[in-house]
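Each remark here refers to the structure printed beneath this line.
Convention: sequence-line order gives letters A, B, ...; per-chain numbering from 1.
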Number of protein chains: 2
Amino acid sequence: MRMPHPECTTCKSRGSSLFNFCSCAETEKINLSKTCNIYKKDQVVFHENVFPIGLFCINSGSIKLSKIFSTGKEQILRIARAGDFIGYRSLITNDPYSVTATALEDSTICLIPKGEFHELMQTNKNFYEALLATICKELESTETKVSEIAYKPVRGRIAEALLLLANIYKKEEYINLTREDLASFVGTVKETAIRVVSEFKDEKLISIDKRRIKIINSKGLLQISNLYD
Amino acid sequence: MRMPHPECTTCKSRGSSLFNFCSCAETEKINLSKTCNIYKKDQVVFHENVFPIGLFCINSGSIKLSKIFSTGKEQILRIARAGDFIGYRSLITNDPYSVTATALEDSTICLIPKGEFHELMQTNKNFYEALLATICKELESTETKVSEIAYKPVRGRIAEALLLLANIYKKEEYINLTREDLASFVGTVKETAIRVVSEFKDEKLISIDKRRIKIINSKGLLQISNLYD
DNA sequence: CGGCTGATTGAGCTATGTCAAGGGCAGTGG
DNA sequence: CCACTGCCCTTGACATAGCTCAATCAGCCG
């Protein structure tokens, strides 16, 4: 990929990222040490079981974090967007990645060297604390995901996922995910996801424009999502 | 409950807990500020949506952490035993508990006041780091749980759960969980869990003594568990 | 105009949930 | 020591959500 040149100091995503806790000097230092790449749609950013070399910070685009099974099936655990860090957990524990990160669309991602990240963790208490809080939140949402996959029927899970995705994709107005990815996100198969999405369209809860989904009646979706809580 | 008197300084569980990273002075300080209670089987240690008042440290016994649905169904996320901390996440994020903690058997649990915990986090770097690492591990295992519930059939999930539980219950030699709890742990219902457990018994993978399960052929179970990875 | 990728739809099939009816064992009280 | 009671565990019959497989369609690109 051709090397793009976003600058940390002027990065639009910085305000919503953990780097918001960094001083100007720190930001400048990170800016100098980082490298930056464009990942094309479907390109893998990092693979499960590989050791990390640094911290990925998403400048633009969107990335899915998923576990892939030998059968070819995939479980998407999280979708990360501009301003999000990915791959920091392995950096903290010195373990290989436990998930695979793949670009959902063309994305620009910066790579901050491992050492720089560790130094920041050691020297900037606010950064450290914000990092800890982020992980706690992630853990909570993952725990919620466990119980929902276990007990909510697909219809409820998709309703909820759409609301969550609408929030992630709020700038675009449309949820731009293939039915297959949507299915992997809620733990079902493509065909079932398609059927439920069609139902929602028939029930005027969502509209569809060129495969992309837009929520019309979020209250209705929320109600469906909460049916089994 | 009558007040028991375990001492942090001589606590057998200390070596395997995060307090292992504390100095003698710190341990002594914690010991003085803590209170301690016996929780009877099925007694709730803390409820979802309630704000924490301190850190629970399990001295003996076992505790299930679960989410409970309005339908009465329950998803067990984790089983904690002697030496484990519970409820620290809410303490870090200042949020109410996101899960309910219930004693699986009569258990002794100490409560370290919130302030003491925060002070430790601020002053003891090793403790802080170990805490972060613990959360990261928990997150990873929860993510694994998501994908398994989504794609592994019940048979595989129970095989895996038994191996994991055998490890948790290694001192006792027997896995002492009701079928209902086992079911909630893997995200299924009692009857299905019972049928699978019976199959495993017939296949000589496990033996059963007074409802308690003992693993005979862990390789076989592992194989079943890995069938769909 | 093909050819490709993703969306749809239909027709079974099956794993797993639900409901209902015992069965056994441990603890309790007489 | 025996009967009683209350958990659990177990089993069977049945219902169904959701998976699989297969065929077709629709938009898009070279």
For this session: Look at the side chain of A:Thr192 and decide which nucleotide, out of C:dT18, C:dG17, D:dG18, has an atom nearest to it.
Result: D:dG18
Below 3.5 Å is the cut-off: list the nitrogen or oxygen pairs between protein and nucleotides 5-7 of chain C, distance only.
unit_1	atom_1	unit_2	atom_2	d
C:dA7	OP1	A:Arg179	N	3.2
C:dA7	OP2	A:Arg179	N	3.3

What's touching nucleotides 13-15 of chain D from the protein side, N or O pairs under 3.5 Å?
unit_1	atom_1	unit_2	atom_2	d
D:dA13	N6	B:Arg195	NH2	3.4

Problem set entry | Spacing of B:Arg212 atom CZ relative to D:dC9 atom C1', expressed in whole Å | 15 Å
Exercise. With distance as the sole test, does A:Lys170 use its side chain to make a donor-acceptor pair with the main-chain N or O of A:Asn167 at under 3.5 Å?
Worked result: yes
Problem set entry | Student check: side-chain heavy atoms of B:Cys11 and B:Pro6 closer than 4.5 Å | no
Problem set entry | Side chain to side chain, B:Lys67 and B:Thr100, heavy atoms closer than 4.5 Å | no
Exercise. Looking only at atom types and distance, does a side-chain atom of A:Thr142 sit under 3.5 Å from a main-chain N or O of B:Glu143, one as donor and one as acceptor?
Worked result: no
For this session: Output yes when a side-chain donor or acceptor of A:Arg89 lies under 3.5 Å from a complementary backbone atom of A:Tyr97, and no otherwise.
Result: no
Exercise. Could you give the CZ-to-C1' distance, from A:Phe200 to C:dT8, as a whole number of Å?
Worked result: 17 Å
Seminar exercise, completed: On DNA chain D, more 5' by nearest nucleotide between A:Lys210 and A:Gly187 is A:Gly187
Exercise. When the ring centroid of B:Phe56 is compared with that of B:Phe85, is the distance short of 6.0 Å?
Worked result: no
Problem set entry | B:Asp202 CG to D:dT11 P, straight-line distance once rounded to whole Å | 8 Å
Exercise. Looking only at side-chain N and O atoms, does A:Ser198 come under 4.0 Å of OP1 or OP2 in C:dT9?
Worked result: yes
For this session: Just do the side chain to side chain donor-acceptor pair (under 3.5 Å) check on A:Ser60 and A:Thr108 with the steps written out, would you?
Result: CA-CA 5 Å; A:Ser60 72; A:Thr108 310; 3.2 Å; yes
For this session: Determine, step by step, whether A:Arg81 and A:Asp84 satisfy the salt bridge (Lys or Arg N to Asp or Glu O under 4.0 Å) criterion, reporting the C-alpha distance in whole Å, the side-chain angles of both residues, the deciding distance to 0.1 Å, and the verdict.
Result: CA-CA 6 Å; A:Arg81 302 218 68 199; A:Asp84 289 336; over 6 Å; no
Problem set entry | Ring-ring centroid check B:Phe117 B:Tyr88, cutoff 6.0 Å | no
Exercise. Under 4.5 Å between any side-chain heavy atoms of A:Glu74 and A:Ile76, yes or no?
Worked result: yes
For this session: May I have the distance from B:Lys152 (atom NZ) to D:dC19 (atom P), rounded to whole angstrom?
Result: 18 Å
Problem set entry | Between C:dT14 (P) and B:Arg155 (CZ): distance, integer Å | 17 Å
Problem set entry | B:Lys73, nearest nucleotide to its side chain (from C:dC19, C:dG17, D:dC19) | C:dG17
Exercise. Between B:Ser90 (side chain) and B:Gly87 (backbone), is there a donor-acceptor pair under 3.5 Å?
Worked result: no
For this session: Look at the side chain of A:Glu191 against the base of D:dC19 and say whether a donor-acceptor pair falls under 3.5 Å; ignore hydrogens and angles.
Result: no
Seminar exercise, completed: B:Asp181 CG to D:dC7 C1', in whole Å, measures 13 Å
Exercise. Can you find a heavy atom in the side chain of A:Ile63 that is under 4.5 Å from one in the side chain of A:Ile79?
Worked result: no
Seminar exercise, completed: Within residues 156-174 of chain B, those residues having any heavy atom closer than 4.0 Å to DNA chain C are none
Exercise. Please give, in whole Å, the distance from D:dG27 C1' to A:Asp209 CG?
Worked result: 12 Å
For this session: Mind checking B:Val189 for me? I need base, sugar-phosphate or nothing, with any heavy atom below 4.0 Å counting as a touch.
Result: base
